[in-house]
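Below is one structure, written out as structure tokens, with a few remarks after it.
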Amino acid sequence: MNIIAWLVLGLIAGALAKLIYPGHQGGGIFATIGLGILGALVGGFLGKLLLGSSGAAAAASGALSIGSIIFAVLGALLLIFIWGLFTQKSA
């Protein structure tokens with residue numbers, strides 16, 4: 001069941017992050033799920049480190065709750081931003 005929770009959390013967080021972030025971020029459903037899962041890990045780690053929040057801990061463990069989704073989306077947004085810095089074309 002834990003794998004299914006990670007997949008669902010990843011899909012929700014990745015889709016919301018792509019919806020919120022301006023511009024076009026390519027990739028299909030698997031890239032979106034991967035983005036959301038990595039976002040949950042990053043958001044959960046940073047949230048726990050900086051805020052000590054239980055929602056952040058839930059995101060890092062893959063639990064499905066409003067707090068974990070928020071931290072996962074924030075982590076995914078951060079990853080999209082960092083990815084854009086590395087891949088942007090210079091004029």
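Numbers here simply count residues along the sequence, with the first being 1.
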Please list every donor-acceptor pair under 3.5 Å in which a side-chain atom of residues 77-86 meets a protein atom from a residue at least two apart or in another chain.
none

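Under the side chain to side chain contact (heavy atoms under 4.5 Å, CB included) criterion, I33 pairs with L7, L11, I29, I37, sequence neighbours left out. Annotation: side chain to side chain contact (heavy atoms under 4.5 Å, CB included) contacts of F30 (sequence neighbours excluded): none.
Contact detail for A72 and A13: the closest heavy-atom pair is CB-CB, 3.5 Å.
Within the structure, no pair that satisfies the side-chain hydrogen bond (donor to acceptor under 3.5 Å, both in side chains) test touches residues 69-82, not counting sequence neighbours. Sorted by first and then second residue, the side-chain hydrogen bond (donor to acceptor under 3.5 Å, both in side chains) pairs with a member in residues 31-43 read K18-T32; sequence neighbours excluded.
Using a 4.5 Å cut-off on side-chain heavy atoms (C-beta onward), L16 and I69 make contact.
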